*Asks:* 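Take a look at the following structure, please.
Quantities reported herein were computed from a predicted structural model and do not represent experimental measurements. A, B, ... follow the sequence lines: proteins, then strands. Residue 1 opens every chain.
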Amino acid sequence: MTVTRTIHKQTGNFLEDFRPGQVFRHKGGKTLTEGLFTTFTEFAMTANPLAKNARYARAYGFDGLVVPPGLVMLVAFSQTVEDVSENARTNREYVDMRFGAPVYVGDTLEVETKVLSVVPHRKDPNLGIVHVQSTARKNVGTPDETVVMTWQRKVDVFKRDPAAELHPGESAPDSIDCELWLPAYDPAVDYKALAHLSSPDSYFEDFEPGTRIEHSRGRTITSEHIHLTAVLDNTSQVHCNQFMIDQDPERYVGGQLIVFGGIPFTLCLGLSSPDVGDNALGDLAYPTGRHTAPLFAGETVFAATEIRGVRDFAGRPDLGVIEVVLFGHKFARADGAPASDGAPAGWTKVPIFELERRIAVKRRSHYA
Amino acid sequence: MTVTRTIHKQTGNFLEDFRPGQVFRHKGGKTLTEGLFTTFTEFAMTANPLAKNARYARAYGFDGLVVPPGLVMLVAFSQTVEDVSENARTNREYVDMRFGAPVYVGDTLEVETKVLSVVPHRKDPNLGIVHVQSTARKNVGTPDETVVMTWQRKVDVFKRDPAAELHPGESAPDSIDCELWLPAYDPAVDYKALAHLSSPDSYFEDFEPGTRIEHSRGRTITSEHIHLTAVLDNTSQVHCNQFMIDQDPERYVGGQLIVFGGIPFTLCLGLSSPDVGDNALGDLAYPTGRHTAPLFAGETVFAATEIRGVRDFAGRPDLGVIEVVLFGHKFARADGAPASDGAPAGWTKVPIFELERRIAVKRRSHYA
Amino acid sequence: MTVTRTIHKQTGNFLEDFRPGQVFRHKGGKTLTEGLFTTFTEFAMTANPLAKNARYARAYGFDGLVVPPGLVMLVAFSQTVEDVSENARTNREYVDMRFGAPVYVGDTLEVETKVLSVVPHRKDPNLGIVHVQSTARKNVGTPDETVVMTWQRKVDVFKRDPAAELHPGESAPDSIDCELWLPAYDPAVDYKALAHLSSPDSYFEDFEPGTRIEHSRGRTITSEHIHLTAVLDNTSQVHCNQFMIDQDPERYVGGQLIVFGGIPFTLCLGLSSPDVGDNALGDLAYPTGRHTAPLFAGETVFAATEIRGVRDFAGRPDLGVIEVVLFGHKFARADGAPASDGAPAGWTKVPIFELERRIAVKRRSHYA
């Protein structure tokens with residue numbers, strides 16, 4: 001049969017396609033299987049027993065293993081990629097990321113996104129910043145429909161046509177009811193009998209503003225990132241299409257496949273987990289976050305946490321809230337550089353990620 | 001203790017071992033876990049919500065997430081490898097591949113294979129073509145035993161002894177009752193409320209014979225293929241034993257580990273999925289298919305689909321059948337070559353796979 | 001906010017921290033998901049249908065797919081790494097490893113370890129040998145709490161301070177009640193109808209002392225080992241922190257990331273599985289085991305089994321016990337070396353692993 005027409009499908013939107021106020025109900029949706037749970041929860045070296053030990057999670061009042069916030073974020077975020085950032089150069093910033101209902105294996109997440117603004121890039125006529133607000137829900141279409149996460153982000157998106165005009169204006173973010181669900185403290189439960197399953201030095205009482213914790217572990221990222229990104233349905237080609245990069249390396253960050261930002265995001269959470277997340281009941285919010293340098297296969301990721309504030313949790317004498325900043329970094333060779341700031345001689349420390357976190361942490365007085 | 005005898009176990013059959021009419025009831029069988037489901041469904045970037053969103057799949061009348069045809073094929077095919085192709089050089093051709101009952105997580109597949117003929121290779125006395133018919137069933141040994149897939153294939157198998165005589169003759173394929181099970185159209189279901197979860201431009205009404213769709217995404221294959229192949233129980237050594245290849249590179253295609261053909265098979269289905277599979281209720285049949293060039297780690301796979309025909313689906317006014325050919329390709333460096341046929345200058349396009357498909361596709365009139 | 005103190009958290013114990021008699025109740029615990037099951041059972045090419053085919057496993061009297069001993073070991077062992085071997089150079093020896101209750105998907109394992117002795121290294125003042133006994137239980141805290149595995153191991157641990165004194169003395173191992181649970185032989189079950197699902201030549205009657213079986217398959221390990229190790233919660237930095245190795249290559253075995261020993265352990269079990277494990281109902285015990293050379297990404301693993309003894313299984317006329325030694329090896333280039341001991345010319349065979357095994361094997365008389 002003769003081919004009479006050829007269609008070059010373009011997926012995703014380009015800069016000029018976004019209109020403030022526009023709402024995307026993203027395709028797909030995603031049911032959290034045990035396969036996905038294992039692949040990511042454990043990839044990230046998450047140490048919180050809520051995500052590892054079903055007996056512990058149930059004793060605490062959850063329905064079973066709890067999907068950790070890093071994985072909720074990866075799944076929810078990835079649902080938005082085709083519409084929002086398939087044609088993006090890089091993700092700039094996360095704003096007002098908040099968590100709601102707990103997510104369990106078997107839950108299906110569906111996500112929608114509202115466009116807030118579209119702003120041209122000052123220097124590069126091919127790029128602009130799209131600002132969006134996204135919300136992930138579970139049990140959609142049933143009386144139990146609940147928000148599990150909401151967030152804003154700003155992303156550098158390519159133009160299809162450098163000469164195209166952008167849609168002007170701004171749209172206000174929707175007010176989304178999204179507050180962290182936490183199981184009640186139950187005096188009848190013998191929590192202390194479980195205390196050996198989490199670290200002994202990461203209760204609320206252990207945190208003091210002004211402290212910086214250098215987390216001890218590093219993790220080298222391999223080409224596994226290509227597979228991990230595909231498993232999340234993140235379809236952005238800059239993570240998985242080496243041929244495309246090879247055709248025009250100058251156009252892409254670093255001239256090679258860049259690791260999807262969600263991977264250092266969740267990995268830094270995991271690396272910090274034994275020191276600050278092990279006795280958390282949940283992450284309330286990430287007010288701001290950003291990637292400050294790209295990550296490539298072969299590089300090793302490290303993390304540190306600074307404690308910025310500690311406060312009571314209203315209505316929950318068994319808990320407190322810690323306000324921290326999570327930092328991720330890698331090292332790059334720098335001939336002749338002296339040792340400094342944790343980098344050995346001949347290397348320089350490269351910050352790659354930072355994230356403000358508000359965490360609900362157990363008090364030792366009640367749990368250990 | 002003194003070793004008094006050493007056994008060098010050889011697994012799999014060589015060319016001279018196959019007899020027309022012989023039946024293999026393959027060992028093992030395989031229960032589809034959520035781990036396997038995630039690893040492969042999502043590896044392949046499958047976009048059809050039936051395989052991603054349990055709420056959607058249930059609303060359509062399935063029991064839960066539906067194992068996509070590419071994964072059914074990978075699991076069923078791999079069960080046959082030890083007996084049929086562990087000592088094969090390459091897989092030549094798929095014939096009359098048909099699908100039956102849907103496969104869900106928790107189902108156990110068991111497979112048997114009948115040898116149809118064994119023909120010596122014209123040029124290479126060490127090789128010959130084995131033609132077999134295989135059938136995969138679920139719920140074996142119960143009243144609910146059902147065929148989920150049946151197919152024929154032709155494979156180039158090595159001889160153990162170049163001088164051995166082959167078993168002559170031909171055996172007719174069995175008549176296997178294998179027709180795609182589809183959930184009934186239920187006027188009481190509000191399908192339109194789910195329409196945003198699949199792509200808006202891949203309903204039956206959107207396909208026109210003579211159209212070629214170049215799917216936009218590419219996916220670079222890494223050494224992950226070794227792990228993926230092992231997870232499938234595909235034991236063929238040409239996919240996972242680098243030492244064996246290094247001893248005699250001339251004997252093996254490309255002188256390196258070759259990617260198991262099932263991987264580009266399922267990946268091409270996945271790459272085409274947003275454009276032609278998103279609104280499919282199932283794949284009826286793959287009348288023919290073949291691998292036209294090997295694939296190696298580091299290469300990037302692309303896909304295209306040509307629409308060859310469209311027709312009504314007897315008894316199902318809500319559906320239509322599209323007849324397409326799925327093509328997979330990669331690019332190879334070719335110094336001085338001009339840009340042509342989608343390949344940039346300095347590169348040449350290398351077709352790696354083609355597959356005739358008959359797909360049952362929803363009509364917009366009934367679903368959106 | 002000014003950082004007023006910086007904490008460099010050190011995880012894991014160093015040589016001088018261990019005291020004979022000390023007991024670690026390890027953190028975390030781990031629920032066996034279907035994701036973990038798939039990743040490892042199938043990674044290792046395990047052929048026993050008990051771990052692959054739920055219909056077969058249920059017919060034999062198990063509750064469902066049975067987690068194979070190699071994976072029980074990987075999960076249980078990894079729970080002990082942070083406390084025992086996060087700061088280890090290498091694992092020397094396994095002693096008296098025994099299996100108890102079967103492990104299924106959904107079970108949660110928790111592990112504790114007793115320190116038996118701490119002995120300085122003869123040559124290297126930075127190292128010493130820690131001897132521990134570990135026990136893994138499931139259903140902890142319920143009336144059904146059961147031991148699933150117990151074992152001792154000796155591990156080379158680094159000192160934090162080369163001048164530190166070690167804790168002297170010895171503590172006797174606890175007597176742990178841990179005997180392999182096996183389903184009863186049920187004359188009402190038609191086992192023979194399932195016989196085609198396992199290999200025909202690996203029944204008890206097929207094994208003869210003095211036989212060495214060279215298993216036919218090899219498997220090349222890739223950088224996948226970094227991911228696999230993380231998924232197990234094995235936090236030892238020598239498996240996943242390339243930057244650390246690059247700073248001081250002399251300090252680490254081979255000057256590169258070393259593959260976690262549990263990976264060749266389970267892979268050798270898998271490679272031997274079609275020949276010696278396919279008709280096993282379970283592994284009773286591994287009296288001794290050791291790693292004899294490190295394994296690195298890019299190397300190909302092979303295995304062989306020597307049959308050392310065969311005996312009746314008291315009270316189970318349907319079973320017998322085989323006593324074997326499992327060997328793992330790889331090949332290294334050795335210029336000018338003649339072909340010998342299975343190595344081709346120019347290569348030398350490098351033993352990497354050996355394990356004494358006691359296996360409960362079905363008799364053909366009762367099952368086929």
*Asks:* So, the side chain of C:E34 versus the backbone of A:E34: is there a donor-acceptor pair under 3.5 Å, distance only?
*Replies:* no
*Asks:* With a 4.5 Å limit on heavy-atom distance, are the side chains of C:Q79 and A:K52 in contact?
*Replies:* yes
*Asks:* Counting a contact as any heavy-atom pair under 4.5 Å apart, which residues of residues 132-144 of chain C contact chain A?
*Replies:* C:V140, C:G141
*Asks:* Can you find a pair of side-chain heavy atoms, one from A:T222 and one from C:H227, that are under 4.5 Å apart?
*Replies:* no
*Asks:* Between A:F302 and chain C, with a heavy-atom cut-off of 4.5 Å, which part of the residue counts as in contact: side chain, backbone, both or neither?
*Replies:* side chain
*Asks:* With only heavy atoms counted, which part of A:D201 is less than 4.5 Å from chain C, the side chain, the backbone, both or neither?
*Replies:* both
*Asks:* Which residue is it: A:T39, A:T38, A:T33? I am looking for the one with a side chain to side chain contact (heavy atoms under 4.5 Å, CB included) to C:T33.
*Replies:* A:T38
*Asks:* Could you tell me which portion of A:I307 (side chain, backbone, both or neither) has an atom closer than 4.5 angstrom to a non-hydrogen atom of chain C?
*Replies:* backbone
*Asks:* Under 4.5 Å from any heavy atom of chain C, what part of A:T300 do you find: side chain, backbone, both or neither?
*Replies:* side chain
*Asks:* Heavy-atom cut-off 4.5 Å, strictly under: side chain, backbone, both or neither for A:L65 against chain C?
*Replies:* side chain
*Asks:* Among A:E224, A:R217, A:R55, which residue has the highest count of heavy-atom pairs closer than 4.5 Å to chain C?
*Replies:* A:R217
*Asks:* Side chain of A:T211, backbone of C:R5: donor and acceptor closer than 3.5 Å?
*Replies:* no
